[in-house]
Amino acid sequence: MILTNKRTTCTVNHSNETARLTGSISLNEDNVIENFNGSFVALIEEEGMESNLGGFSYNEEATMGTLNKSIYGVPFSEEGNLVSLLNDTIDRIKTEVETDILSE
């Protein structure tokens, strides 16, 4: 038997001063982000309920050297903040994955 196309799947939680990102990520055996999807919520709760700020999706196509990144259902006033949070999360994931590779 031969096993191929090994994947690692993790849950991701990251926040800044005003919002939290929660998602699920799938990395292939080369630690390329194949799928990263989730949602944004406001950290400031209104009447005991979290406020949904929209969602996101991200993936990389290593053979083509391209990426796809999108946000949806995001208020205009939060766009810059949430894109920054998503970018920071992706950067931190890549740093952690790189660190894991170097420690092997």
Side-chain angles (χ1 to χ4, degrees):
M1 174 173 60
I2 299 172
L3 299 175
T4 60
N5 296 320
K6 180 181 175 184
R7 303 280 184 277
T8 302
T9 303
C10 301
T11 299
V12 177
N13 291 292
H14 185 57
S15 59
N16 62 18
E17 302 80 29
T18 61
R20 181 176 71 241
L21 173 154
T22 302
S24 178
I25 189 168
S26 178
L27 301 149
N28 70 15
E29 55 195 0
D30 295 324
N31 287 320
V32 173
I33 300 172
E34 290 194 333
N35 293 295
F36 184 28
N37 303 292
S39 61
F40 302 107
V41 295
L43 288 179
I44 300 169
E45 296 181 12
E46 295 180 19
E47 299 179 21
M49 297 184 67
E50 291 184 334
S51 176
N52 185 349
L53 294 175
F56 69 91
S57 65
Y58 176 86
N59 72 299
E60 299 173 347
E61 181 56 55
T63 57
M64 301 295 288
T66 61
L67 63 88
N68 295 303
K69 184 185 333 182
S70 66
I71 58 170
Y72 45 88
V74 170
F76 286 116
S77 62
E78 291 291 331
E79 178 187 8
N81 179 40
L82 298 178
V83 168
S84 178
L85 176 57
L86 177 57
N87 289 338
D88 182 52
T89 304
I90 292 166
D91 289 344
R92 288 174 182 246
I93 289 167
K94 289 182 177 195
T95 299
E96 187 166 325
V97 167
E98 187 176 293
T99 301
D100 287 347
I101 291 171
L102 295 175
S103 66
E104 292 179 351

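- With contacts defined as side-chain heavy-atom distances shorter than 4.5 Å, the pair T9/S24 qualifies.
- Follow the hydrophobic side-chain contacts under 4.5 Å out from V12 and you never reach V41; the two are in separate clusters.
- Of all the heavy atoms in I2 and T4, the pair that sits closest is CG2-CG2, 3.7 Å.
- Taking every heavy atom of both residues into account, S15 and L43 meet most closely at CB-CD1, 4.3 Å.
- Linking ILVMFWY side-chain heavy atoms closer than 4.5 Å, directly or via other members, places I33 and L67 in a single hydrophobic cluster.
- Using a 4.5 Å cut-off between side-chain heavy atoms of Ile, Leu, Val, Met, Phe, Trp and Tyr, with links allowed through other members, V32 and Y58 fall into different hydrophobic clusters.
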Would N87 and K69 satisfy side chain to side chain contact (heavy atoms under 4.5 Å, CB included), going step by step from the backbone distance to the final call?
-> CA-CA 10 Å; N87 289 338; K69 184 185 333 182; 2.5 Å; yes
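- Nearest heavy-atom pair across H14 and L85 is CD2-CD1, 3.6 Å.
- Residue I25 holds its CD1 atom at 10.5 Å from CG of N59, rounded to the nearest 0.5 Å.
- If you take CZ on R7 and CG on L27, they are separated by 10.0 Å, rounding to the nearest 0.5 Å.
- The two residues G55 and V74 come nearest to each other via the heavy atoms O-CG2, 4.3 Å.
- S84 and N16 share no donor-acceptor pair across their side chains, judged by distance under 3.5 Å alone.
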So T89 and I93, side chain to side chain contact (heavy atoms under 4.5 Å, CB included) or not? Walk me through it.
-> CA-CA 6 Å; T89 304; I93 289 167; 4.0 Å; yes
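- Nearest heavy-atom pair across N13 and T11 is ND2-CG2, 4.0 Å.
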Kindly indicate, with the supporting measurements, whether the criterion side chain to side chain contact (heavy atoms under 4.5 Å, CB included) is fulfilled by F36 and L86.
-> CA-CA 10 Å; F36 184 28; L86 177 57; 4.1 Å; yes
